[in-house]
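Numbered from 1 within each chain, the chains take letters A, B, ... in sequence-line order.
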Protein chains: 2
Amino acid sequence: MTNPDAASGADAAALLWGAPGAAVKRGPKPRFTLEAIVDAARQIADEDGLSQVTMQNVADRLGAAKMALYRYVPGRAELDAVMLDTAFGSPDELNAGDWRAALTAWSLALYDRALQHPWVVELAGRPHTPGPAEIGWYEAGLEALSSLPLAEADKLDALALLSGHALSMARRAADAENTEELLAVRLYPHLMANAHRFPRTAAAFAASSSGDRDHALRFGIDRIIDGLAAHA
Amino acid sequence: MTNPDAASGADAAALLWGAPGAAVKRGPKPRFTLEAIVDAARQIADEDGLSQVTMQNVADRLGAAKMALYRYVPGRAELDAVMLDTAFGSPDELNAGDWRAALTAWSLALYDRALQHPWVVELAGRPHTPGPAEIGWYEAGLEALSSLPLAEADKLDALALLSGHALSMARRAADAENTEELLAVRLYPHLMANAHRFPRTAAAFAASSSGDRDHALRFGIDRIIDGLAAHA
DNA sequence: GTTATTTGCGTCTCTTGGACACAATACACA
DNA sequence: TGTGTATTGTGTCCAAGAGACGCAAATAAC
């Protein structure tokens with residue numbers, strides 16, 4: 001019945017939104033905290049990539065045994081969920097008066113966050129339960145959009161569009177050298193060899209010399225905002 | 001040196017773009033083909049989800065031993081790459097005269113493809129070597145954009161924007177019941193309980209009754225296209 | 001002090017991807 | 001026609017990684 005492709009457990013929401021109030025309990029003092037565990041996981045992800053975030057590695061970093069972690073986190077999926085929401089953080093309180101400027105700032109801020117922790121892109125890309133921090137971003141985005149005469153549903157859609165673009169660009173930028181090599185070595189030769197089948201694509205790739213990552217970011221944001229302006 | 005987070009092997013490109021010409025060889029006749037293996041994997045993914053695509057399951061479906069597959073596919077990552085490109089297929093040759101109509105049709109066609117095989121969204125979402133089919137979509141998209149006075153690099157960016165949106169919407173639609181439950185049961189109560197912290201978001205979610213998936217799709221496409229029109 | 005809990009964690013199991021060796025097969029060449 | 005050789009199918013083994021289970025130590029409540 002349960003689809004194993006769906007990420008996060010039912011318990012993720014409890015961890016993300018649950019009350020931190022934990023009364024005095026009976027047994028031994030807990031040696032760790034959820035925060036410490038998530039911090040350790042975040043460090044590993046920042047340093048060695050998300051694939052190195054294993055229960056074992058996290059436990060090692062804390063000087064604990066692997067199974068000790070399960071007293072604080074139900075499972076790997078829930079750890080991912082908390083890592084993601086923690087890394088999102090709260091959006092900066094920057095409100096330029098113009099809605100265009102505000103939305104642009106919002107998108108760029110999200111992009112910066114994602115650049116600081118490249119792995120958030122991967123986590124955010126899979127289905128997950130949003131936590132308070134992620135909702136905080138939506139709240140800020142809706143505030144930036146508040147002056148626009150759009151249906152509420154459309155505002156949410158617009159934010160999803162912008163955030164999707166920002167995160168997508170952040171991924172590209174994050175493994176730039178990797179992507180560079182990927183395209184240059186793996187795609188390019190084959191594409192050029194088949195230039196007769198894909199003349200436009202070959203030309204386009206040849207013209208755009210894997211240049212300005214920033215340009216693509218701004219281009220997308222500007223286009224979406226222009227589209228919103230044209231519609232409202 | 002090699003980043004294990006990077007998907008696909010170096011061999012993926014060879015499988016995707018390599019010449020199919022295999023001369024007469026010496027040993028026993030091959031019992032299988034790459035195509036048959038990929039087909040089996042595709043079927044499993046369609047029926048039971050991407051997580052059920054394991055070498056073991058694919059082999060079982062073909063009546064082969066697991067290790068036999070490795071004679072045809074270097075590894076799991078390469079299988080993913082070929083599955084992805086195969087599922088993309090070639091875009092339909094539909095050219096409405098208007099560039100707006102053509103681009104819209106292109107986006108909708110991509111959305112439909114993704115709906116037919118929901119797992120392509122997940123595969124396309126991770127870094128991978130593009131194959132001929134994927135490049136074919138770019139070629140068709142560039143053709144639709146050919147009349148617009150945009151830099152080649154910008155055209156590629158525009159297509160990435162549109163395809164990202166289409167695939168993102170396809171994912172939502174694919175596990176609709178799942179997402180429905182995710183939001184309704186897991187997010188909604190907590191969001192409403194914290195409505196004081198997130199008034200706009202709570203209101204927006206309450207207003208948009210998880211309705212029209214198609215609306216969000218069209219909204220995004222229209223906004224992007226409007227933005228392109230405003231810019232060109 | 002006794003008892004009910006709760007923590008830390010050692011041990012075991014299951015699932016996946018993959019390396020490696022070996023026997024069977026079928027063409028090349030003499 | 002026989003021999004060599006490359007290639008295929010596959011059995012066996014191994015390493016990760018997630019997690020179930022149970023037990024001993026710690027500690028608050030009575």
Side-chain angles (χ1 to χ4, degrees), chain A residues 2 4-12 15 21-37 40-41 44-45 48-83 123 126, chain B residues 2 4-12 15 21-37 40-41 44-45 48-83 123 126:
Chain A
T2 306
D5 281 345
S8 297
D11 305 324
L15 276 191
V24 266
K25 284 168 302 182
R26 204 172 277 201
K29 312 279 188 197
R31 281 184 50 201
F32 314 103
T33 59
L34 176 60
E35 287 70 33
I37 292 173
I44 296 173
D48 307 321
L50 192 56
S51 70
Q52 289 306 304
V53 178
T54 69
M55 294 294 174
Q56 189 62 61
N57 285 345
V58 174
D60 286 349
R61 178 167 287 239
L62 290 171
K66 181 183 64 163
M67 293 312 293
L69 303 185
Y70 286 90
R71 293 286 177 199
Y72 302 84
V73 183
R76 178 62 205 278
E78 288 77 12
L79 178 59
D80 283 343
V82 182
M83 284 177 68
L123 288 182
R126 9 199 229 235
Chain B
T2 307
D5 282 345
S8 295
D11 306 323
L15 276 191
V24 267
K25 285 168 302 180
R26 207 172 273 203
K29 312 280 189 196
R31 282 184 49 202
F32 314 104
T33 59
L34 176 60
E35 287 72 31
I37 291 173
I44 294 174
D48 307 322
L50 192 56
S51 71
Q52 289 306 304
V53 177
T54 69
M55 295 293 173
Q56 189 61 62
N57 285 345
V58 174
D60 285 349
R61 178 169 286 239
L62 290 171
K66 181 184 66 164
M67 293 312 295
L69 303 184
Y70 286 91
R71 292 288 177 198
Y72 302 85
V73 183
R76 178 61 207 277
E78 288 77 13
L79 177 59
D80 282 344
V82 183
M83 284 177 69
L123 289 182
R126 9 199 229 234

Close residues, residues 29-37 of chain A, relative to DNA chain D [heavy-atom separation under 4.0 Å]: Lys29(A)

Interatomic distance, Tyr72(B) atom OH to Leu15(B) atom CG [nearest 0.5 angstrom]: 13.0 Å

Protein-nucleotide distance (Tyr70(B), atom OH; dT12(D), atom C1'), rounded to Å: 15 Å

From CE (Met67(B)) to CD (Gln56(B)), nearest 0.5 Å: 10.5 Å

Rounded interatomic separation in angstrom, taking CE from Met55(B) and P from dT12(D): 21 Å

Point-to-point distance, once rounded to the nearest 0.5 Å, from NZ of Lys66(B) to CE of Met55(B): 9.0 Å

Contact list for residues 55-64 of chain A, test salt bridge (Lys or Arg N to Asp or Glu O under 4.0 Å), sequence neighbours left out: Glu47(A)-Arg61(A)

Near-strand residues of residues 56-67 of chain B, defined as heavy-atom separation under 4.0 angstrom from DNA chain D: Ala64(B), Ala65(B), Met67(B)

Between dA18(D) (P) and Arg71(A) (CZ): distance, integer Å: 18 Å

Exercise: identify the closest heavy-atom pair between Gln52(A) and Ile44(A): O-CG2, 3.5 Å

Estimated bend of the helix from dG1(C)-dC30(D) to dA30(C)-dT1(D) (axis per five terminal pairs, rounded to 10 degrees): 0°

Pairs meeting criterion salt bridge (Lys or Arg N to Asp or Glu O under 4.0 Å) with involvement of residues 67-76 of chain B, two or more places apart: Arg76(B)-Asp80(B)

For a quick test of your reading: what N or O donor-acceptor pairs under 3.5 Å do the side chains of residues 28-35 of chain B make, sequence neighbours left out?
residue, atom, partner, partner atom, Å
Thr33(B), OG1, Ala36(B), N, 3.1

Contacts under 3.5 Å, N or O only, protein and nucleotides 3-6 of chain D:
residue, atom, partner, partner atom, Å
dT5(D), O4', Arg26(B), NH1, 3.3

Terminal contacting nucleotides, 5' and 3', DNA chain C versus chain A (heavy atom, 4.0 Å): dA4(C) to dT11(C)

Nearest-angstrom distance from the residue atom CG of Asp80(A) to P of dG17(D): 14 Å

Between CG on residue Leu79(A) and CG on residue Leu69(A), distance to nearest 0.5 Å: 8.0 Å

Sugar-phosphate, base or nothing in reach of Arg76(B), heavy atoms under 4.0 Å: sugar-phosphate

